[in-house]
Structure formats: C-alpha cells, structure tokens
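Remember, predicted model here, so these are calculated numbers, not experimental data. Numbering of ligands and ligand atoms starts at 1, following listing order.
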Amino acid sequence: MMERNTPLILLVWLVWLNGCFLSEVNGLRAQGKHKQIQRRKSSKPNLLELPLRSAADLGAAQYFVTMRIGTPPKEFRMSVSTCSVLTWIKCSNCSSGKELSDMRFYQPNKSRTFRNIPCSSSFCTSDLIPSQSNDICPKRDAPCRYDYRHKDGTRLVGTIGNDTVTIRMKGNQKVILENVTIGCTKATKLQIDYPLDGLLGLCPDRQSFAGTALRQTRTTSFSYCLVDSLSPINVSSYLVFGGSNRLPNMQETDLLMGHWTWSIYYHLNVTGISLDGKMLHIPSDMWLYNPNGRSGVVILDIGTSLTALAAPVYDNLIRGLLPSISKFKKVKTEENNDFKHCFNSTGFNETLVPKLRIHFGNGAKFEPPVKNYVIGQGIKCLGFIKFDAHQTSIIGNLLQQNHFWEFDFPNYKLKFAPSTCISD
Ligand SMILES: *[C@@H]1O[C@H](CO)[C@@H](O)[C@H](O)[C@H]1NC(C)=O
Ligand SMILES: *[C@@H]1O[C@H](CO)[C@@H](O)[C@H](O)[C@H]1NC(C)=O
Ligand SMILES: *[C@@H]1O[C@H](CO)[C@@H](O)[C@H](O)[C@H]1NC(C)=O
Ligand SMILES: *[C@@H]1O[C@H](CO)[C@@H](O)[C@H](O)[C@H]1NC(C)=O
Ligand SMILES: *[C@@H]1O[C@H](CO)[C@@H](O)[C@H](O)[C@H]1NC(C)=O
Ligand SMILES: *[C@@H]1O[C@H](CO)[C@@H](O)[C@H](O)[C@H]1NC(C)=O
Ligand SMILES: *[C@@H]1O[C@H](CO)[C@@H](O)[C@H](O)[C@H]1NC(C)=O
Ligand SMILES: *[C@@H]1O[C@H](CO)[C@@H](O)[C@H](O)[C@H]1NC(C)=O
C-alpha cells in the first residue's frame, strides 16, 4: 500500500487497459454486431448495490468494487470502466508479481459454475466482438480468446467464459448473477503495475456486466456516486443497478446511444465549454456529432483519471486557465509527464481559478468544483491532457468526482448532480 499522503499526481496514470482506446483497432469488425442494452417495457423495481471505493490507498486514481466470482466464490477487487465491454480478472502472475502475494487469481478450473465459451460458437464469433473476441480457433471447443492491444504497447491476452457472480449487499443480503461473461487474463503487457485484480466493464452493450446486471435484476438504469478521489479505502459509496435517486439540482442530458450502431461508449452532446460564463472559441466541428466520423466527440469514462481533450479544445481551455496560476512557481514533474502545467500552490486560492462549465445540447450544465480540475495538494496541476484533434475527448473520473451520475437506458439520458457521496 502507498502512503496515505501520496500526492494525487503520482496516482494518475492513463489506464489504457480500462478500455477506451483498445477498441479503435476493431471498430470495423464490430460494425453492426453490437447489440444495445434493450429497452424494457415493464420492470419490477429491484436493486443491486455494490460498494464503490477510491483506489487511492492501493496506488491508483481509479474506483473499484468488490465482488465474489465463481463457486466456491472468491473475492476480487475490480476497477470500474464505462469504456470496456469485457469484464476480466487476472488469471495468473501476469505482471511483475510484486502485488500478487495474496494470490488473487481467478481460476476457472476450480469454479463449479464456470462455463467454457467455445471459440467456434456464434456467441464468441459474433456477440462477443465488442468484447474484443478474436477469430483464433485452433479446435472447435477451444475457449473463445481476446487479445487487446494498444499502440502504447499495452496488451491483454486471455480466454472468455461464463461464471457466477455473488454480490453481498448491505444487511448481508446476497444477490447472485449467473452467466456473467468474464475474461481470464493470462498475460499482460502494461506500462504500469496494475494494483487491482481486474476490471468491471459497464459499456452500453448487452454482454457487458452492465447489460447482464440490468437484465438479471430487471432494472433499467445504473448509477454511481464518486467519493473524493483521495478518500481512504474505508469510505464507500455505491454502484447501483435500479433504484431511483432524486437529488436536488439534478441535471439531465442525452446519451447519444443508438445513433451510432457500433459505438460502445457513452457519447454526450457537448455544445461548448465556458470559463466564468464566457464561451471558449472552439471550432464547432469539435462538438458536432458526426455518425460517419471515425471517432465520436466526447465520452464519459469512470476508468480514465484525467480528462483528455482534443487539441483545439485543450489549447483553448489551457489558455483560459493559465493566467490564474501564472503567478505561482512552475514545477516540472518528472514522475509523470502527462502533466504539463504544475505549480507550487503555496498561497493558492481556488477562487482565483475561472469557473469551468461544460454545456450540453439541451441546456444542461456540468459545473465541477475547482479541485476536480486543478488537482493535487502542495503541487497542483491542471488536470487535463492533450489528444490529437481527431481523437475522442474523454471526461475522466477526477472531473466527475463528488458527483452522482445516473445512466438511464429507457430514456437514453445521463443525469447528474453534485454530492459528497458519503452514505450511511
Ligand atoms: C504466482 O507467483 C507466486 C510467487 O512468485 C507463486 O508462488 C505462485 O505459484 C504463482 N501462481 C501462479 C498461479 O502462477
Ligand atoms: C484447466 O486446467 C488444465 C490442466 O491444468 C489446463 O490445461 C487448462 O488450460 C485449464 N483450463 C482453463 C480454462 O484454465
Ligand atoms: C445460462 O446460459 C445457459 C447456456 O446458454 C442457459 O442454458 C441458462 O439458462 C442460462 N442461465 C441464465 C440464468 O441465464
Ligand atoms: C454465457 O452467458 C450469456 C448471457 O450472459 C448466454 O447468452 C450464453 O449462452 C452463455 N454461454 C454459456 C456457454 O453458458
Ligand atoms: C477510516 O479509517 C480511519 C483510520 O484509518 C478512521 O479514522 C476513519 O474514521 C474511518 N472512516 C470510516 C468512514 O470508517
Ligand atoms: C513551495 O514554495 C514554498 C515557498 O517558496 C516552499 O517553502 C515549499 O517547499 C514549496 N513546496 C513544494 C511542494 O515545492
Ligand atoms: C480564498 O478567497 C476567498 C475570497 O477572497 C476567501 O473568502 C477564502 O477565505 C480564501 N480561502 C483561503 C483558503 O485562503
Ligand atoms: C445536440 O444538441 C444540439 C443543440 O441543442 C442539437 O441541435 C443537436 O441535434 C443535438 N445532437 C444530437 C445528436 O442529438
């Protein structure tokens, strides 16, 4: 475990394996194969709650849930991603092995409820394409395989099967989900040491954990509330399937799903960004939703820490923010060169920083507190990174913290409101 006072900026990695970029490779193959989470006419109200915590104490700017997988059930810590369809768990000593002394491996062979998914089945060759299944099939009954590669060298290799997931809720109530499609990651090549056991995929796809959990609990929405990213591990809020939360100041905007047949992301209809009420001059094609384009425009992801913005957006925003921090001593961070604008915050006051607002097509506004974008303690940094102009921008988890977020499928709406997310 890291020291409790580890600076936030050391915990921030761009965790590509959380899914956002890996699918670019396979977009064409996935075209038309993707099945949306379906609308449901009637559903009896039901509820599935998983405690959601910050992984800062484990050394990552991520959020994770704990769940039991297999029979007999074994407990795993799963980082949460709304950018991945596939849910996967480490199945062997895949990385350096340093963190693995507690042997948190998934062993399908030892689970009575594990079901092999043959590589020759249409479930593998068609339904699981958005989960990155590939067409390597040496024998009919050989397991369905995946091989994620990202251009930075990140790679995940493994086999996919079904197993049972057991979730213990408040009051010791047990909920069992069957036939959850899970990847068993046998080999990884990562730029970082991944301190969690696996990843929970919440993409809008029928085969993701979100799709399966909604179907089996007969609910139509899920939500999460993000505690402060530096909260200790004993502080939790919830990832909830079903239920209805009414918070004051709830805003609502469209999720652009179903517009773009193979998209597995939560696209938003952003129309602009303002600082202290002044709209930034950003070329409108940065926001224009273009169904024929290679990439979407802005997506929301809980598995990416920093907010990544396409160059024209980033440049404008940074230009608007820099004057407020220019009088502080600039600090070069060697540990992590994702940060370009860091400073010694002695004498800093958040009221100096212009108020950021992200504007959506229907008039909704997201107004994150300054600490969500001028991040860190002692040394502070602007919490944005620059992407190429053609890349999809990502609203990451630091910008989302201390807010409640609900994904409402029947209505294709994203609802959000500020909250400390401290329950109980
Ligand atoms: C993982 O590594 C540990 C320590 O190196 C070793 O004892 C253990 O047998 C390994 N487990 C697997 C499943 O390879
Ligand atoms: C199960 O164990 C056998 C023997 O150790 C091994 O060959 C096989 O690959 C394992 N299957 C899975 C799905 O891990
Ligand atoms: C799990 O999948 C198997 C094989 O498709 C099917 O027979 C079974 O009914 C499914 N169970 C549930 C609860 O969906
Ligand atoms: C795996 O689970 C999915 C539903 O999540 C089901 O459609 C499929 O038939 C299952 N396959 C097996 C082999 O159990
Ligand atoms: C978390 O643990 C710390 C000590 O490690 C304790 O001071 C604090 O009260 C705990 N918080 C909760 C919500 O349990
Ligand atoms: C920030 O500057 C102050 C005053 O110059 C200095 O005492 C302090 O050590 C610096 N802090 C960091 C984290 O560099
Ligand atoms: C920041 O500035 C505001 C307004 O000037 C003031 O009320 C507040 O106390 C200051 N906060 C700190 C931590 O200095
Ligand atoms: C996004 O919002 C704008 C402004 O309200 C609207 O004209 C446009 O149709 C919306 N785009 C989509 C794809 O819904």
Given the rule in the side chain to side chain contact (heavy atoms under 4.5 Å, CB included) test, do Ser133 and Thr125 qualify, once you have shown the distances and angles that lead to the verdict? CA-CA 7 Å; Ser133 65; Thr125 58; over 6 Å; no
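Atom 1 (C) of ligand 7 has its nearest heavy-atom neighbour, among Leu352, Asn349, Thr351, in Asn349.
Remark: side-chain polar atoms of Gln401 are paired, donor with acceptor, to backbone N or O of Ser229 under 3.5 angstrom. Remark: the backbone N or O of Pro73 is not paired with any side-chain donor or acceptor of Thr71 at under 3.5 angstrom.
Near Arg215, meaning under 4.0 Å from one of its heavy atoms, ligand 4 places the atoms 4 (C), 5 (O).
Considering only non-hydrogen protein atoms, atom 9 (O) of ligand 4 sits nearest to Asn162 ND2, 4.8 Å. Protein heavy atom nearest atom 13 (C) of ligand 3, with residue, atom name and distance: Glu178 OE1, 3.2 Å.
Under 4.0 Å from ligand 4, the heavy atoms of Asn116 that appear belong solely to its backbone.
Aromatic ring centres of Phe366 and Phe416: separated by under 6.0 Å. Tyr224 and Phe404 have their aromatic ring centers separated by at least 6.0 angstrom.
Checked for salt-bridge contact, Arg357 and Asp276 miss the test: no charged N lies under 4.0 Å from a carboxylate O. The pair Arg115-Asp163 does not meet the salt-bridge criterion, since no charged nitrogen lies less than 4.0 angstrom from a carboxylate oxygen.
In this structure, atom 11 (N) of ligand 3 is in close contact with the protein, since a protein heavy atom lies within 4.0 Å of it. Within the 4.0 angstrom cut-off, atom 7 (O) of ligand 7 has no protein heavy-atom neighbours. Under the 4.0 Å distance rule, the nearest protein heavy atom to atom 4 (C) of ligand 3 falls outside the cut-off.
Residue-to-ligand polar distances place Asn179 within reach of ligand 3: an N/O pair is separated by less than 3.5 Å.
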